[in-house]
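All chains are named by letter (A, B, ...) in the order of the sequence lines, taking the proteins before the strands, and each is independently numbered beginning at 1.
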Amino acid sequence: MNRVYMDHNATTPVDPAVLDAMLPFLSSDYGNAASIHSFGQKARAAVESARDSVAALLGARPQEIVFTSGGTESDNHAIFGIVGAASGVAHVITTAIEHEAVLNTCQALEKSGVAVTYLPVDSAGLVDPEAVRRALRPETVLITVMHANNELGTIQPLEEIGKIAAQADVYFHTDAVQSVGKIPVHVEQLGVDLLSLSGHKFYAPKGVGALYIRSGTRLRQLLYGGHHQRGFRPGTENVPGIAGLGKAADIARQSLAETASRTETLRNRLERGLIERVPQARVNAAAAPRTPNTANILFPGLEGEALVIALDLKGLACSTGAACSSGAVEPSHVLTAIGLPPEEARASLRFSLGRHTTEADIEFALEVIPAAVAQLRELSPTYRKAGESR
Amino acid sequence: MAYSEKVVDHFNNPRNVGSMPKEDPNVGTGLVGAPECGDVMKLQMKINPETQVIEEAKFKTFGCGSAIASSSLATEWVKGKTVEEALAIKNTEIVKELALPPVKIHCSVLAEDAIKSAINDWKKKKGIEVRPEDMPSH
């Protein structure tokens, strides 16, 4: 069966060149990067070279990069770290559409007495920088706003928020897990003090990520242990993963512009094709600047999970924004935040393209999606075609 | 989430999809669930007034794969049964047959409710008393 993968915002395949860069550290070059002998020094060189690569991708200095286990750890480290280093009452500003790695971290802070403001977004999924300014309090210690949203691809106006944060002398963190490797991400331009990224979202393996920490930023460490990464993030370095992350960063830096423009052309073709071929289909957050690979489409009259299964049975992998919680499948908090009623949030699917997506893949999707949608609508007791009465 | 082979089978080849005239005195219609909750099931049965045997069953469902499979299975099970036998079908039997995971148990509950509500609709048409224990749980 022809299988097409359109779920790159969930994870990406490891690039063959990334795998090649990792393999020696999974076999012959197995040293601990903290050891002073030649085995260790080989591993150390790989880790430091990867640090240079990640720093170069972000326009940062190598000493400002800390390797972590991934996006979730980086987000936890940044948020708990800043708040933990603050003295007295603390207040954090974030948004309603953050990834759970940020949202649930903020909720944990609330339980320990920290005040958190969750800013709303408009119907395009964007935060108003002026709302950030208005939310500032004397005790605000951190603003954390994601760069690109995982479900919609919307890109937040970080530069403007960064200026507001700098004026107010408040630390500014961004979860850039969904933007790194897809669009240019430059820490100086964005004005961020901390930035989280995850390897497996841009063709490195799962289980490795990084946190950018601007020099001079005061934060408490998350983990306690040995003196690895200057004691800041103890734990023996994941040398194969880090080497892979470095290689993935090199590839992203070299090919980002070309990949982005090709992917955007394909994504736009997919969106146009679906609107033409599926009655009542709509693109969510179409008005916002978005990552070039992400399409979030509303198909009124069906339930998204059923469509994901129907498409998977036909060979197309995509996803809903729905997350299972407490026995019931709740509609996506992101789609709810842009104002979609629950039945529309449940009827929305995300297609996220990747570096290897081809025109033939788009044609395949445009063939199978309209048929699957029609099939499910046919099954529905409530769906009525436009103009048809009950 | 993994789907059992039986769910996939019903999802791919749903049995007894369709509608029957609601006004037919021998047809009972059950419509349960709400679109904002993610599932709506319509279950209809044509019942022989003499024998009380369910001669035909049709469904239409808006919902996830498990909801579609649960209602498809329900139509298969009620066909040929008497109303009393059909009223005895428990959601737990549907859970077992389709190997539904805990998060999908509500789909089986909805299917049981749809069976009860269709039969009760028919009973009302026939002037037969509806027992409180046969009222849908939701």
Value rounded to 0.5 Å, distance of [atom1] in [X] from [atom2] in [Y]:
X	Y	atom1	atom2	result
A:Glu303	B:Ser66	CD	OG	9.5 Å
B:Cys37	A:Glu343	SG	CD	9.5 Å
A:Gln375	B:Asn12	CD	CG	7.5 Å

Is the number of heavy atoms from other residues, nucleotides or ligands under 6.0 Å of [X] [atom1] greater than 12?
X	atom1	result
B:Glu133	CD	yes
B:Lys90	NZ	yes
B:Glu84	CD	yes
B:Lys124	NZ	no
B:Lys46	NZ	no

Using non-hydrogen atoms and a 4.5 Å limit, figure out which bit of A:Ala347 sits close to chain B: side chain, backbone, both or neither. neither
Could you tell me which of B:Gly18, B:Gly38, B:Ser71, B:Ser19 has the largest number of non-hydrogen atom pairs under 4.5 Å with chain A? B:Gly38
Checking heavy atoms, do the side chain of B:Val17, its backbone, both or neither come under 4.5 Å from chain A? side chain
Is there side-chain contact between B:Glu36 and A:Glu344, with at least one heavy-atom pair below 4.5 Å? no
Counting C-beta onward and ignoring hydrogens, is there a side-chain heavy-atom pair between B:Thr61 and A:Leu379 closer than 4.5 Å? no
Taking all heavy atoms of [X] and all of [Y], pick out the closest pair and write down the distance.
X	Y	result
B:Phe62	A:Ser380	CB-OG, 3.6 Å
A:Ala306	B:Gly63	CB-O, 3.2 Å
A:Pro381	B:Val40	CG-O, 3.7 Å

Can any side-chain N or O of B:Lys60 pair as donor or acceptor with the backbone N or O of A:Glu378 at less than 3.5 Å? yes
Looking at chain B, which one of A:Val308, A:Leu376, A:Ile309 has the largest number of heavy-atom pairs inside 4.5 Å, strictly under? A:Ile309
